[in-house]
Amino acid sequence: MGAAVRRAVRDGAAGFRLPPHAGWGIAFVLPAFLLLLIFRVYPILSAVAVSFTDYDLFSTPSFTGLSNYSQLATDPQFRQSLLASITYVVGVSIPTWGIALALALAFDERVPFRNLLRTGAFMPVVMTAVPVAVVWKFLFHPFGLVNVFLSRFGVDRINWLTDQSTAMPALIIVGIWRAVPYFMVIFLAGLQAIPRDYYEAASLDGASAVSKFRHITLPLLRRTSVLVIIMTVIVTMKAIMNPLIMTGGGPAGMTRVLPLLIYQTGFQYYRMGLASAMSVVMLLLVLLFTVWQLRLFREKT
Amino acid sequence: MKNAGCSSKPRDLSRRRFLSLAGTAAVGAAGTSLLTGPGALAATTGAGSAAPATKKPITISYWNHQHPPLIDFLKVKMEAYRQKNPNVSFEFQFASNKDHLQKLAVAMGTGTGPDMFNLHSAYTLGYQSKKLLAPVPPELVGYKSYTEMRAEFLSGALDGLTFDGQIYGVPMQSNAFSLFINKKHFQEAGLDPVKDAPKTWDDVAKVGKKLVKMDGNRMVREGFDFGYHLPTWIMYQVQPIIQQHGGDILDPAGKAAVNSPQAIKALQMMQDLLYVQRVGDPTLTTNTPANANDDFVQGKLSLWLTGPWAIETLKPNPEVYQNYAVVPHPQVNPAKPITAVYGFNLCVNAAAPPDKQAVAWDFIRFLTADPIEWMNKLAFPIPRKKWYEAAGAQQFPYLKVFIDDIAYGRPLVKSTHFDEILGSMERAVQRIMLNKGNVKEALDLSAVEINKAVGK
């Protein structure tokens with residue numbers, strides 16, 4: 001091996017040349033890379049490490065192996081929270097995809113006051129999360145505006161946030177309201193990237209609007225759609241503000257989504273090891289979904 | 001603490017008996033610990049003269065739970081203290097009881113807690129077990145020694161704050177729940193507010209039904225209802241009812257007892273009050289953690305369990321304020337009365353710098369110097385002999401009722417995992433009371449959760 005390998009290494013080393021001004025490039029990238037390492041990668045690795053310990057924030061963590069993970073397997077609260085999270089993710093994501101796309105299609109057309117309408121539709125995204133949650137809490141109060149409005153149609157008073165069957169739907173409604181404008185903008189960007197020539201050619205061939213949507217818009221929006229699907233799942237899986245403020249996870253834990261349980265377990269019950277194990281499970285779930293989506297997308301293309 | 005309810009003449013309460021029992025209000029989670037707070041040395045040595053001596057600018061961060069009259073009172077007191085000590089300023093924050101506890105837990109856990117705070121008695125054990133509380137330097141709160149301090153307070157009042165011989169807070173309030181009644185509603189329903197006032201839960205069912213006001217099929221006024229707006233409030237109600245039925249939250253071995261036959265019977269009784277006897281409709285409530293008595297204050301509820309401090313909150317509605325009366329907490333067996341007793345203590349963060357600790361203790365001394373003022377302005381009983389013995393205190397409305405109910409009180413469940421137990425009980429009560437769930441199933445689930453929390 002000796003001589004051949006040495007030659008290969010030497011040749012390889014000689015062949016590898018940094019492009020001109022690479023130093024500047026690295027210098028520009030380095031601060032962001034370091035920030036990413038410190039504030040993203042390090043906390044994730046720390047959480048993984050803490051998940052194998054018993055740690056109460058005050059004393060030294062003690063290694064407990066997989067005990068936190070085995071505890072999760074039999075924990076009814078974790079199961080309930082996981083189910084609540086999945087319900088919330090599915091409940092918010094699927095309608096969001098449809099509504100956001102529909103709005104993007106509408107705003108892509110030359111409608112009167114288009115810019116004003118676009119800005120108005122985007123408002124929920126720029127509003128601060130806490131006051132928004134508080135306002136929605138009032139709106140969903142038994143004597144709040146939602147019930148006042150529904151009573152005009154003969155609907156009896158609904159205890160939106162204290163009834164086990166309506167608390168999660170109420171949170172989902174707010175989640176959709178907040179998520180749609182953001183993803184509408186992403187869809188809009190995707191739509192505007194589709195060359196108009198395709199539509200004009202299709203029109204000359206006599207294609208209907210539905211047919212153009214099906215055979216031009218949807219296929220060319222595929223990349224955008226995957227981005228939207230993955231992002232909605234990640235964003236909704238991490239949602240904590242609305243459940244925390246509007247329901248506190250109640251009634252009876254029905255809206256205690258995983259991030260809320262993690263927060264309570266870590267910072268209220270001081271079980272940081274268990275909370276970290278929950279975070280790791282959540283991370284793996286989101287990661288699995290993302291990989292699955294990307295693979296599905298690759299297969300289709 | 002041994003329950004006072006075993007007395008054969010429960011209502012015939014002597015002063016001595018009250019003095020020996022009422023102090024439990026501020027006790028809460030009594031227990032012992034070999035742990036000593038890390039701030040102990042600083043607070044008891046160097047801090048001794050810091051408060052009066054230091055003239056350098058100092059800012060004390062102080063967090064308190066929200067109770068509008070108390071917040072106004074504290075602001076006045078802070079300003080008065082600041083005028084006497086111009087170098088001292090306060091960063092005062094308050095939040096609803098639930099938010100306050102949640103915020104405090106996170107802040108203390110991450111080393112960003114305030115210099116001083118008020119702490120619910122049931123949380124003292126948990127905080128102390130994590131060495132978060134600084135010990136009281138007696139000389140800074142106006143006493144020569146712990147012995148002198150103990151002598152000033154009612155017997156047992158400092159037990160829950162005492163660990164390894166050191167005291168870790170100063171009581172600011174002690175409470176038990178009594179039954180507030182709206183006399184006008186009684187008269188409207190053809191009832192006598194004195195003669196017909198409920199003594200037992202059966203009476204609550206009987207009288208409550210008559211007090212209900214309907215508009216067609218819809219209830220527009222509740223006869224009686226429980227409070228669901230705060231987990232601690234839920235515990236104040238559920239624990240004594242379970243105990244009145246002979247059960248408890250934890251058994252003597254520290255294992256969950258919430259699914260015992262007695263506890264199931266207790267919660268079934270609570271559920272039946274609403275869904276069989278129809279004395280109330282929990283969907284009508286507008287109570288919030290910050291306005292805990294709102295339903296009663298608004299005249300939408302005729303019978304309401306709350307503490308003496310609630311009197312101040314009735315004032316915004318003169319019609320209710322002029323027509324309220326207070327009777328003892330309803331019992332299963334009035335011959336063996338049981339209530340829950342709780343309180344709030346002023347504590348100092350063990351991680352605060354010694355000079356701040358010293359000023360904080362000095363402010364606590366200033367703040368609590370006059371218990372009569374607390375009673376008159378806030379209706380807060382402070383478990384100090386000076387308060388009880390004062391002539392003014394004896395004129396406080398329904399004082400005997402309040403004192404009796406405090407005296408018959410048992411502290412809330414003692415556990416370093418109180419918060420988790422509380423959360424589990426809150427979920428169980430929500431399942432049972434708000435969603436008419438199966439009582440046994442809800443309590444079985446709660447028992448599993450509690451046993452996991454306490455490691456049994």
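Just so it is clear, the model here is predicted, and its values are computed rather than measured. Chain letters run A, B, ... following the sequence lines, proteins first, then strands; residues in each count from 1.
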Sub-3.5 Å donor-acceptor pair from the side chain of [X] to the main-chain atoms of [Y], do we have one?
X	Y	result
B:Asn435	A:Gln164	yes
A:Arg271	B:Ala453	yes
B:Tyr228	A:Thr162	no

Side chain to side chain, [X] and [Y], heavy atoms closer than 4.5 Å:
X	Y	answer
A:His141	B:Thr288	no
A:Tyr270	B:Met108	yes
B:Gln102	A:Tyr263	yes
B:Val106	A:Gln268	no

Can you tell me how far CG of A:Asn159 sits from CG of B:Asp281, rounded to the nearest 0.5 angstrom?
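One finds 7.5 Å between CG of B:Asp281 and CG of A:Asn159.
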Quick one: CZ on A:Arg256 to CZ on B:Arg427, what's the gap to the nearest 0.5 Å?
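That separation rounds to 4.0 Å.
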Could you look at [X] and say if it's the side chain, the backbone, both or neither that has a heavy atom under 4.5 Å from chain A?
X	value
B:Thr286	both
B:Val448	side chain
B:Leu445	side chain

Has A:Met123 got more than 12 heavy atoms of other residues, nucleotides or ligands less than 6.0 Å from its CE?
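No, not enclosed.
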B:Lys452, NZ: over 12 other non-hydrogen atoms inside 6.0 angstrom
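Count over threshold, so yes.
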Name the region of A:Thr265, side chain, backbone, both or neither, that has any atom closer than 4.5 Å to a heavy atom of chain B.
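Neither; nothing under 4.5 Å.
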